[in-house]
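Each remark here refers to the structure printed beneath this line.
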Amino acid sequence: MENGEKKKDIAAETEDGELSQEWKNKKKHIFILSSSGRPIYSRFGDELKICTIMGVIQAIVSFVAVGGDSIKSIIAGDHRIVFLLKGPLYFVLVTSNKEPITELQRQLEYLYNQIISTLTLAVNKIYASNSNYDLRGLLSGTEKFIDSLIKTSAIQLSYFINAKSILKLPYSIRFNTTTILQSAPAKPSSVAYAIMLCQDQVVNFIRPKKHLLQNEDLNLITNFIRLSPSIKQYESWIPLCLPKFNSSGYLHCYITYLIPEIDLSLLLLSTNSDYQNFHALSAFKNQVEKQLWAAEIMEFLKDWMNNSKWKYTVKDCNVEGVWHFVYKNLNFNQYSCPEVGPPYNCDEVEQKRLFKIYQKMKHRVVREEFIENKEGPVEPSAEVSRAHKVYYQRSDRETIVAWITNVFELFVVFGPDESKSVCIRACNKLRDWLKKEEDSIFIAKESVW
């Protein structure tokens with residue numbers, strides 16, 4: 001929540017029934033309601049006290065539907081109103097922030113996936129039998145996950161880049177971890193995914209041959225773990241629906257922390273709901289943990305994390321003029337970026353501004369029509385700038401370059417005085433450095449059961 005406040009502490013209405021100024025001043029409102037107009041969730045204020053707004057939303061959706069259309073968004077002055085209609089569930093976002101509408105729609109998709117992660121698509125059957133059903137009872141206790149997704153989906157790169165964040169590690173450590181996970185005895189046949197996480201980043205994972213580990217599902221998992229500190233103390237057994245894997249049913253997730261002080265966790269997602277399977281997974285974990293200690297991988301990870309060896313800066317890349325960058329490998333569907341440094345590390349406001357720079361740049365380049373330049377970035381002329389896979393933008397605060405190919409996306413921020421030629425040379429050097437470091441910053445070959 002903004003400034004650490006609780007949403008229910010914000011009065012939506014004054015004593016005379018008018019919407020309070022405090023409530024109106026919030027820059028981003030999100031409402032979830034049923035197709036019958038029944039309130040389910042409001043980011044700020046008590047959803048029951050803004051029933052009138054929910055009713056207006058339902059009326060707008062119905063009015064557009066009468067004409068055979070489906071409403072997507074409304075622009076009203078400085079405000080953007082974005083709709084996501086998912087069967088009996090309506091999601092609406094109202095904001096004065098200048099985020100692209102496509103990004104706002106993506107944020108609403110995450111909220112829908114969160115509800116499905118809790119209830120599965122059985123929510124459709126609930127409303128089919130009772131269109132006026134009050135869903136808040138079934139979602140009670142999960143509001144914190146929705147609140148967190150609203151915030152993190154707007155400020156974390158993994159959400160809008162739509163790629164996995166991989167912990168930087170020596171190739172040998174990651175390879176040996178994979179070998180141990182795949183060869184440890186007594187692995188139950190019901191295990192679909194094994195995921196090792198450290199501070200919201202992927203150390204390693206193994207997936208079924210026929211199913212990818214989708215980024216949206218992984219973000220739901222990390223959001224759940226981050227907001228469930230009690231699971232650090234015990235082995236946990238939790239039903240969890242991964243909407244991109246199977247939105248109609250649950251996987252059963254065994255979660256344990258291998259090294260709690262560095263947030264190193266192991267998740268084993270199983271298709272078997274039998275509680276006896278929990279004990280089988282626990283026994284398998286014990287075998288994995290024993291081998292990780294024997295191979296000295298656990299001690300290595302403790303030292304690696306405690307001494308921040310997993311981080312890197314733009315100075316490590318040895319490319320002059322670069323302030324920051326984000327690199328997404330499209331073949332691996334993973335991304336990497338250095339620690340935020342000057343001038344953006346001075347406060348949270350500047351870091352958020354940097355994120356919005358990437359967000360707007362990403363939105364612009366994906367809307368462009370490009371041709372590929374295989375030799376590297378080229379300086380676009382006025383006549384053909386829309387046809388190249390390079391986007392260059394200069395302001396009085398920074399210079400931004402986006403380089404898009406069928407293999408990667410590279411977004412780089414420079415100082416305001418850097419010339420185009422300097423930026424282009426720097427992008428080529430960055431590409432070469434990232435290629436050289438590929439084995440440590442990415443999981444180049446996904447392992448399967």
Straight-line distance of M196 CE to L301 CG, nearest 0.5 Å: 7.5 Å

Heavy atoms of other groups near N318 CG, more than 12 under 6.0 Å: no

Derivation and outcome, ring-ring contact (aromatic ring centres under 6.0 Å, His included), residues Y254 and F278: CA-CA 7 Å; Y254 169 88; F278 168 84; 5.5 Å; yes

CG on L93 to CD on E103, rounded to 0.5 Å: 12.0 Å

Side-chain heavy atoms of I40 within contact of Y133, under 4.5 Å: no

Any side-chain heavy-atom pair of I150 and Q107 under 4.5 Å: no

Distance-only side-chain donor-acceptor flag, T222 / D200, under 3.5 Å: no

Test item: D347 side-chain N/O and V349 main-chain N/O as donor-acceptor pair under 3.5 Å: yes

Aromatic plane relationship, H29 with F44 - under 30° parallel, 30 to 60° tilted, over 60° perpendicular: perpendicular

Donor-acceptor pair, side chain of S131 and main chain of Y127, under 3.5 angstrom: no

V319 and V314: CA distance, side-chain angles, deciding distance, side-chain contact (heavy atoms from CB on, under 4.5 Å) verdict: CA-CA 7 Å; V319 181; V314 289; over 6 Å; no

N/O donor-acceptor pair under 3.5 Å between S228 side chain and I225 backbone: no

Residues E235 and T256: side-chain donor-acceptor under 3.5 angstrom: no

Contacts table for residues 57-64: side-chain donor-acceptor under 3.5 angstrom, sequence neighbours left out:
| unit_1 | atom_1 | unit_2 | atom_2 | d |
| --- | --- | --- | --- | --- |
| Q58 | NE2 | S35 | O | 3.1 |
| Q58 | NE2 | S62 | OG | 3.1 |
| S62 | OG | Q58 | O | 2.9 |

W433 ring center near Y312 ring center (under 6.0 Å): yes

Check against side-chain hydrogen bond (donor to acceptor under 3.5 Å, both in side chains), H79 and T95: CA-CA 5 Å; H79 286 79; T95 184; over 6 Å; no

Y159 and N219: CA distance, side-chain angles, deciding distance, side-chain hydrogen bond (donor to acceptor under 3.5 Å, both in side chains) verdict: CA-CA 7 Å; Y159 287 79; N219 283 331; 4.5 Å; no

Salt-bridge present (E99, K28; N to O < 4.0 Å): yes

Side chains of N97 and K27, donor plus acceptor under 3.5 Å: no

Centroid separation F411 to H324 less than 6.0 Å: no

Any donor-acceptor pair under 3.5 Å from T405 side chain to F408 backbone: yes

Spacing of S165 atom OG and L157 atom CG [to the nearest 0.5 Å]: 8.5 Å

Summary of salt bridge (charged side-chain N to carboxylate O under 4.0 Å, His left out) pairs that have at least one residue in residues 166-192, sequence neighbours excluded: none

Any donor-acceptor N/O pair, S148 side chain to K144 backbone, under 3.5 Å: no

What side-chain donor-acceptor pairs closer than 3.5 Å can you find for residues 205-213, not counting sequence neighbours?
| unit_1 | atom_1 | unit_2 | atom_2 | d |
| --- | --- | --- | --- | --- |
| R207 | NE | E446 | OE1 | 2.6 |
| R207 | NH1 | K209 | O | 3.4 |
| R207 | NH1 | H211 | O | 3.2 |

Enumerate, atom names and distances included, each donor-acceptor pair closer than 3.5 Å involving a side-chain atom of residues 286-297, sequence neighbours excluded.
| unit_1 | atom_1 | unit_2 | atom_2 | d |
| --- | --- | --- | --- | --- |
| N286 | ND2 | S282 | O | 3.3 |
| E289 | OE1 | K285 | NZ | 3.3 |

N329 side chain to Y335 side chain, donor-acceptor N/O pair below 3.5 angstrom: no

CD (E348) with more than 12 external heavy atoms under 6.0 Å: no

L85 vs S70 side-chain heavy atoms within contact, under 4.5 Å: yes

Polar side-chain atom of D316 near backbone of T313 as donor-acceptor pair, under 3.5 Å: yes

Value rounded to 0.5 Å, distance of CH2 in W403 from NZ in K389: 11.0 Å

Audit row: F224, I255, side-chain contact (heavy atoms from CB on, under 4.5 Å) steps and yes/no: CA-CA 11 Å; F224 173 82; I255 307 174; 4.0 Å; yes

R43/D147 ion pair, N-O < 4.0 Å: no

Any L108 side-chain heavy atom under 4.5 Å of Q105 side chain: no

By side chain to side chain contact (heavy atoms under 4.5 Å, CB included) - contacts of T178 (at least two apart): Q182, N204, S447

Short side-chain to backbone donor-acceptor contact, W449 and A192, under 3.5 Å: yes

Side-chain heavy atoms of C51 within contact of P39, under 4.5 Å: yes

Side chains of Y41 and E143, donor plus acceptor under 3.5 Å: no

Donor-acceptor contact present, side-chain N176 to main-chain S172, <3.5 Å: yes

pair Y327-F442: side-chain heavy atoms closer than 4.5 Å: yes

Check: D46 main-chain N/O paired with S42 side-chain donor or acceptor under 3.5 Å: no

E109/R106 salt bridge by N-O under 4.0 Å criterion: no

From L104 atom CG to K72 atom NZ, the distance as rounded to the nearest 0.5 Å: 14.5 Å

Which donor-acceptor pairs under 3.5 Å do the side chains of residues 238-251 make with protein atoms, sequence neighbours left out?
| unit_1 | atom_1 | unit_2 | atom_2 | d |
| --- | --- | --- | --- | --- |
| N246 | OD1 | S248 | N | 3.0 |
| Y250 | OH | T118 | O | 2.7 |

Criterion side-chain contact (heavy atoms from CB on, under 4.5 Å) on R38 and L33, from CA distance to verdict: CA-CA 5 Å; R38 184 128 193 178; L33 61 151; over 6 Å; no

F355 and F160 aromatic centres sub-6.0 Å: yes

Donor-acceptor under 3.5 Å (Y112 side chain, Y90 main chain): no

Among T120, T142, L89, the one residue meeting side-chain contact (heavy atoms from CB on, under 4.5 Å) with I115: L89

Spacing of S190 atom OG and D274 atom CG [to the nearest 0.5 Å]: 9.5 Å

side-chain contact (heavy atoms from CB on, under 4.5 Å) evaluation trace for N306 with I262: CA-CA 7 Å; N306 287 331; I262 63 169; 3.5 Å; yes

Aromatic plane relationship, Y275 with H279 - under 30° parallel, 30 to 60° tilted, over 60° perpendicular: perpendicular

Side chain to side chain, N277 and W237, heavy atoms closer than 4.5 Å: yes

Contact check, side chains of K232 and P229, non-hydrogen atoms, under 4.5 Å: no

